[in-house]
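To keep things clear, I will list the structure first and then write my remarks on it.
The figures here come from the full heavy-atom set of this structure, side chains too, leaving out hydrogens, waters and symmetry mates. Sequence lines set the chain letters: A, B, ... in the order given, protein chains first and strands last, and positions in each chain run from 1.
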Amino acid sequence: MANPLADKYADRIQKHMSKYPDKRSAVMPLLYIAQEEYGWLSPDAIVQVAEICEMDPTQVKSIAGFYTMYRESPKGKYWLQVCTDLPCALKGADQFHHDLLAHLGIEEGGTTDDGMFTVEHVMCLAACDRAPMLQCNFGYVENLDMDKMKELLDKWRKEAEAYANAD
Amino acid sequence: MTHIILREKDVPNIRELDVYLANEGFDGLKKAVSMKPSEVIDEMKRSNLRGRGGAGFPTGIKWSFIPQSEPVKYVVVNADESETGTFKDRQIMENNPYQMIEGALICAYAIQATAVYIYLRGEFWDIAHDLDERIEAARAQNLVGDDILGSGYSCEVYTHLGAGAYICGEESALLNSLEGLLGQPRVRPPFPAQKGGGLYKEPTVVNNVETLANAPYILRVGGEKFAELGTQQSTGTKVICVSGHVNKPGNYELEMGKHTFRDLIFEMAGGIPDGKGIKAILPSGGSGPIVPATDEVLDTKLTYEDCQSIDTILGSASVMILDETVDITWAASKMTKFFKHESCGKCTPCREGTFWLDKVIDRILRGEGKRSDVELINNVAANMQGTTLCALGDFAANPILATIRHFPEDFYAHVDGDDEKAPVKAAGD
Ligand SMILES: Cc1cc2nc3c(=O)[nH]c(=O)nc-3n(C[C@H](O)[C@H](O)[C@H](O)COP(=O)(O)O)c2cc1C
Ligand code: SF4
Ligand code: FES
């Protein structure tokens, strides 16, 4: 069976494999690569990762489901994970989360109609001294308020449009 | 005080290898490789350093548990940092990364490990990639890899990213996660230090980032000199993460035993915003017991033993400050939601207990609880204590019991006092 991930990312996969004495240990880094390629961990992506790591697809799927950073369903281009854990909440993170959802017109966990933004609340991200904060895909944005947030949303929207037009 | 861990506060750009090397960087490792491995462990024992990941286990003793006769051994750096209110390891890795790498290599040499794995929480994506580059920079200077510093000792250093699961900070769950298994705790014994219990079943030391970042200094100045800092039971300094209702949240590295909660909150962290009063302190994230901010508590020194004397723990020293406006029932609900979300589900008392705690506290918060619900919470929490496979079950139960013990009025304020009238369903709903 063809395995596009194994072909396209041969170098990166090899680099991860070389760190560990067995193939199974590379499953987490490989799930990140699959997610990068497909945007989420589709059943096909899971099968490919399982094949490379010589694991059972059901095991790979249960690993993907165990962690919050793997996407088991498609998400918006910008996946905004707002920390609403206690220290951030003491600094107004619940209100911020609520206002962000209202501004985008979505519910918790939802995605905007244009597929641009998904908003979810998460537990402590080790940035409690810079609340409110969120994780956007793989980067942190800290010391937020709704004014700053609106500017960022505009900026991201423009970036995504420019990127789409350049294709 | 000059800093031992947060050295970027004294030496700008210590994160760069040339600056680190120009400021005693890797002198500790140089010293270590000139000694016998067992002498390095003795030096660590003399320092009386205790683990900074939460449990406070003596580091030198942990290293000495590794059976030297085994050919393959590992060091795993616990950089999962997911306890609510904890953000010190992140600062260390961002601003003084080589010190952690050096410390890990000192540990590796002491136990003659073949490799070091740094397990970072997935959200530390950028830090992991930055560390990868720094490991290569260190390799170019013969500090990592083959024949380190011409000593004949070789050791690789790798990073591994988690993907968002608090339980993977628990050392045996971390090892499973690293091995590509489900990130759930293992039944012990065997313990990680033993054959059969560690990474790939080989003897393994798991240490926190801050713990290991102390090792270069200990090797440089000697364990005895290090132990002059702090108290007999709490030697050295501790990086304290201060968050919540303070004017200057952040990390403060303090010599243990020299400062009180009052100094920390009102001098270093700039006091409570808007002139409000302080109600309570959570000294060890969401998993340690809450204490009311009485004079006795505020005048307690920041050490393991002093925190114990006021019925709480110093733990990872993630100090959250709650001002007078905070409803402790709400805070308890936040903590419970955390543990309900993070319970790995492997054992029933933890999985079900966190589920019920959350349900009952929510019902109380909605004004639909009754007085006996407060008792119910106590019972559910008490049944979780000591009955679970890993400490998360206790982490979930202890803080809740303490919130009710210290702030019963915050809970009873939500129930109208009459069991008959309150519109509640039975406990099994
Ligand atoms: C649920 C749970 C979560 C934990 N999370 C962490 C963590 O994020 N970082 C950490 O260093 N230790 C964590 N620990 C403690 C580790 O199991 C282990 O004791 C520690 O890494 C040992 O290092 P030390 O001796 O240097 O403190 C956690 C423990 C439990 C039970
Ligand atoms: S106590 Fe909780 S987190 Fe720990 S093993 Fe049991 S279910 Fe998992
Ligand atoms: S509570 Fe939000 S980052 Fe820690």
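- Contacts between Val326(B) and chain A at a heavy-atom distance below 4.5 Å involve the side chain alone, from C-beta outward.
- For Cys168(B), the part lying near chain A is the side chain, with the backbone staying farther off; criterion is any non-hydrogen pair under 4.5 Å.
- Side-chain contact between Leu178(B) and Tyr20(A) is present, with heavy atoms from C-beta onward closer than 4.5 Å.
- For the pair Phe124(B) and Tyr140(A), the minimum side-chain heavy-atom distance is below 4.5 Å.
- If you measure heavy-atom distances from Ile321(B) to chain A, the contacts under 4.5 Å come from the backbone alone.
- Using a 4.5 Å cut-off between heavy atoms, Glu342(B) touches chain A through its side chain atoms alone.
- Heavy-atom distances place the side chain of Tyr117(B), and not its backbone, under 4.5 Å from chain A.
- A heavy-atom distance below 4.5 Å is not found between the side chains of Asp22(A) and Glu179(B).
- Neither the backbone nor the side chain of Ser333(B) comes within contact range of chain A; no heavy atom of the residue lies under 4.5 Å from a heavy atom of that chain.
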**Request:** Evaluate the side-chain contact (heavy atoms from CB on, under 4.5 Å) criterion for residues Leu90(A) and Leu322(B): first the C-alpha distance (whole Å), next the side-chain angles of each, then the deciding distance (0.1 Å), finally the verdict.
**Result:** CA-CA 8 Å; Leu90(A) 290 168; Leu322(B) 278 51; 3.7 Å; yes
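- Interface remark: Thr325(B) contributes no atoms to any contact with chain A (heavy atom separation under 4.5 Å).
- Side-chain contact between Cys344(B) and Phe66(A) is present, with at least one heavy-atom pair separated by less than 4.5 Å.
- Contact annotation: the side chain of Leu161(B) never approaches that of Met69(A) to less than 4.5 Å [non-hydrogen atoms, C-beta and beyond].
- Annotation: Lys15(A), atom NZ; neighbour count of heavy atoms from other residues, nucleotides and ligands within 6.0 Å does not exceed 12.
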**side-chain contact (heavy atoms from CB on, under 4.5 Å) evaluation trace for Ile63(A) with Leu181(B)** = CA-CA 7 Å; Ile63(A) 287 172; Leu181(B) 301 164; 5.9 Å; no
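- Heavy atoms from other residues, nucleotides or ligands lying under 6.0 Å from NZ of Lys201(B) number 12 at most.
- Contact tally against chain B (heavy-atom pairs below 4.5 Å) for Cys124(A), Gly139(A), Ala127(A): the top residue is Cys124(A).
- Side-chain N or O atoms of Lys91(A) include one that pairs as donor or acceptor with a backbone N or O of Gly244(B) at under 3.5 Å.
- Only the side chain of Tyr200(B) has a heavy atom closer than 4.5 Å to any heavy atom of chain A.
- Rounded to the nearest 0.5 angstrom, Thr68(A) OG1 and Glu123(B) CD are separated by 5.5 Å.
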**Request:** Apply side-chain hydrogen bond (donor to acceptor under 3.5 Å, both in side chains) to Asp85(A) and Thr84(B), showing your working.
**Result:** CA-CA 7 Å; Asp85(A) 207 353; Thr84(B) 299; 2.7 Å; yes
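- With contacts defined as side-chain heavy-atom distances shorter than 4.5 Å, the pair Val122(A)/His341(B) does not qualify.
- In this structure, the side chains of Ser25(A) and His160(B) stay at 4.5 Å or more apart for every pair of heavy atoms.
- For residues 93-100 of chain A, heavy-atom neighbours of chain B at less than 4.5 Å comprise Asp94(A), sorted by residue number.
- Side-chain contact check for Phe339(B) versus Met123(A): every heavy-atom pair is 4.5 Å or farther apart.
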